[in-house]
Protein chains: 2
Amino acid sequence: MATLSDVATRAGVSVSAVSRVLSEKPGVRVSVATRQRIHDAAKELNYRPNFTARALKSSRTHAVGLVVPGVTNAIFAELMRGVEEEARTKDYMVLIASTERLPEGEESIPRLMGEGRVDGVLVQFGDHLSGDDLRTVTDSGLPVISINTINPGSGGSVRLEDEAGMRLATEHLIELGHTRIGYAGGVPTSESGQRRLAGFLEAMAAAKLTVEPELVTDFGYYPKQGAQALDAMAELSTPPTAVVVANINAAHGVLSEARRLGIRVPEDMSIVAMHDTWTAEIAWPPLTCVRLPLYELGRAAMASLWDNINSGIAEDRVIADPAPELIVRESTAPPAR
Amino acid sequence: MATLSDVATRAGVSVSAVSRVLSEKPGVRVSVATRQRIHDAAKELNYRPNFTARALKSSRTHAVGLVVPGVTNAIFAELMRGVEEEARTKDYMVLIASTERLPEGEESIPRLMGEGRVDGVLVQFGDHLSGDDLRTVTDSGLPVISINTINPGSGGSVRLEDEAGMRLATEHLIELGHTRIGYAGGVPTSESGQRRLAGFLEAMAAAKLTVEPELVTDFGYYPKQGAQALDAMAELSTPPTAVVVANINAAHGVLSEARRLGIRVPEDMSIVAMHDTWTAEIAWPPLTCVRLPLYELGRAAMASLWDNINSGIAEDRVIADPAPELIVRESTAPPAR
DNA sequence: TACTCGTGAACAATCGTTTGATCATGCTAG
DNA sequence: CTAGCATGATCAAACGATTGTTCACGAGTA
């Protein structure tokens, strides 16, 4: 690990000269000859600036934290891919902090943030992460971008067109001729969950369809909770002929539970899900989904955080490009008659 | 962000006193009174040691890099979960570096490693990452643990019982009565790929079954390549009645291609796959798999790296606990007769 | 009284970079 | 001939923590 002073010695100049030349700031007065010698020496020694020293001096770590509920999740993976890629273009690194299975009293988030490890944080709140945790984060004074939740405190946010997406999904079922439509939503405290429900209700209202309370569930976004939702609906005297599932992971649970209960999809029941990950295609039947730009959401989140870090501006952005798109596969069909 | 000297001022002592008290090294001589004042001051100011300063002084960043081929991958996710969790117990953070879609000439890996950002690196080589890249990594002088590949240079490794796993998968098909069994493997340059193929061949040899060369393919571990493999086998005058797929992701591709070609699974063809991720259950039919301890592999990798960082010892470990296990679902059945 | 020794705490150097201030040199202009 | 100035480079002070060394003080001993 060659240091600046190693290079300086080899080139026969001072460390400051080396630093200035190598950092290529405009307006430094160094002769062509020494410039050359410095570059040569640096190359010969394979010099790389020490990140910790740089970070200490400049109080910039060129790293951001990404706080997510869990990593074994295709939705998260897409998001993360976007974050990663955008970070690369900005010359940033990404530190993952999963809140999955956090022992109580766990300190990893405050530690991540309080010790100057990162220049900012991207937070995607899952069901089990509350506003309190968010406060811990925002109170740290670090730039924070929250993903899919409008940040109540300061700090910006990025989110998707959840409402429009759900409307699209619901309209698809309505167009197919369904009138008794169920809704399997996320936990009611989640903000994006509320937006999705709103989208569903809007579409139903626009079609003058009634929404019976027992057809609206809010167990959560995971496969097991999707299964729970289906159980609840299947128990009804007249189950719905179609279900809008607010999350594709939950939809996978709905699908397996349907199989277990002998409900044929889409013959007995149509399923349409929010988010289009690669798992939609391997499911049986392949899931009809509404594709929201998760990858772009990740990129936008990182880009916003970068802006926030560098200029302090914090906005709430809605990622609407590409627009929500219905991907029709084989889990939806007209209702049996 | 309170610093040591802020605390020192408030407690009316020197920074060194504060440092010694707060770091709780045994054998420091500080009176109970000042000790108390220091602790109080630290608490009041919510002092947290600055990570960059600490790292610079101690040349320990308490962070490791995790280099993986891609993040949108259930196998990787399991692995990463293990790494994460073990890292947490060791008070380490994980920096993800995905080699997916790396622009050519991309420098992110050498940068990650060369700049003193991390204390060590975990590398999982995908198909498109060669020994050359590995050399870049090992040459940096940093502790490296390679995952699922025995490191040709120095540095330790952790891997799974690929051979035993494939034997288990193959024996399952043999026991069901299959004799004409195909093999859809990974790219031949991959070391774990070679071990898996060996396991398959061993099991076949032990059952005195012949392995026709055209039934052994090596397109790769991704869904599309699984589909390719099936295409190649379906074209044969007498296709196999069962296929061992060396990777579950490829198996998903096999399944959809089978559907496209009108091959019923398991009636016309049985499929057994390596690795058991949550996607196995959402597939149709649910995939019979061999479960290898991916999560434990991740934990072991991180633990090994930690050992390597702290004591310089580098071993090649095989993670054999829990042992490979066959999970029978619905993609395998006796051959039609 | 003078000396040693233990105790509790401060001093100061260091890690590798960055950057404002300073300095030596040679040249031009008055 | 010298003040003034642009040029090219060095000096030195940070950033925040760690740690070997030194120092002041009082108690114990000869």
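In what follows, chains are A, B, ... by sequence order, proteins preceding strands, each numbered from 1.
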Closest-nucleotide ordering on DNA chain C, the 5'-leading residue of B/K57 and A/N50: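 Of the two residues, B/K57 wins.
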Partner of B/Y295 under side-chain hydrogen bond (donor to acceptor under 3.5 Å, both in side chains), chosen from B/R81, B/E78, B/E85: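 Considering B/R81, B/E78, B/E85, a side-chain hydrogen bond (donor to acceptor under 3.5 Å, both in side chains) with B/Y295 is found only for B/E85.
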For [X] and [N], what is the distance between atoms [atom1] and [atom2] respectively, to the nearest whole Å?
X	N	atom1	atom2	value
A/L22	C/dT19	CG	C1'	15 Å
B/I38	D/dT18	CD1	C1'	15 Å
A/E115	D/dC15	CD	C1'	17 Å
A/L56	C/dC15	CG	C1'	9 Å
B/L4	C/dC15	CG	P	19 Å
B/M1	D/dA17	CE	P	11 Å
A/E24	C/dT17	CD	P	16 Å

Exercise: identify the closest heavy-atom pair between B/L22 and B/A42: CD2-CB, 4.1 Å
Difference in axis direction between the ends of the helix from C/dT1-D/dA30 to C/dG30-D/dC1, five pairs, 10°: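 If I round to tens, the end axes sit 80° apart.
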Quick one: [atom1] on [X] to [atom2] on [Y], what's the gap to the nearest 0.5 Å?
X	Y	atom1	atom2	result
A/N50	B/E115	CG	CD	8.5 Å
A/D316	A/S146	CG	OG	7.5 Å
A/I145	A/M302	CD1	CE	9.5 Å

Under-4.0 Å side-chain N/O to phosphate OP1/OP2 contact, A/R54 with C/dG16: no
Phosphate-side-chain proximity, A/S19 and C/dT18, N/O vs OP1/OP2 below 4.0 Å: yes
Minimum side-chain heavy-atom gap B/T61-A/T52 below 4.5 Å: yes
Parallel, tilted or perpendicular: ring planes of A/H62 versus A/Y92, cut at 30 and 60 degrees: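 A/H62 and A/Y92: parallel rings.
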Candidate pair B/F76 and A/V71, rule side-chain contact (heavy atoms from CB on, under 4.5 Å), full reasoning: CA-CA 9 Å; B/F76 155 75; A/V71 298; over 6 Å; no
B/E86: side chain to side chain donor-acceptor pair (under 3.5 Å) partners, not counting sequence neighbours: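 Testing B/E86 for side chain to side chain donor-acceptor pair (under 3.5 Å), a comparison that skips the adjacent residues, returns B/K90, B/R299.
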Heavy-atom protein contacts under 4.0 Å, nucleotides 5-11 of chain C, coded B base, S sugar-phosphate only, - none: --BBBBB
Touch class at under 4.0 angstrom, heavy-atom based, for A/Y47 against every strand present: sugar-phosphate
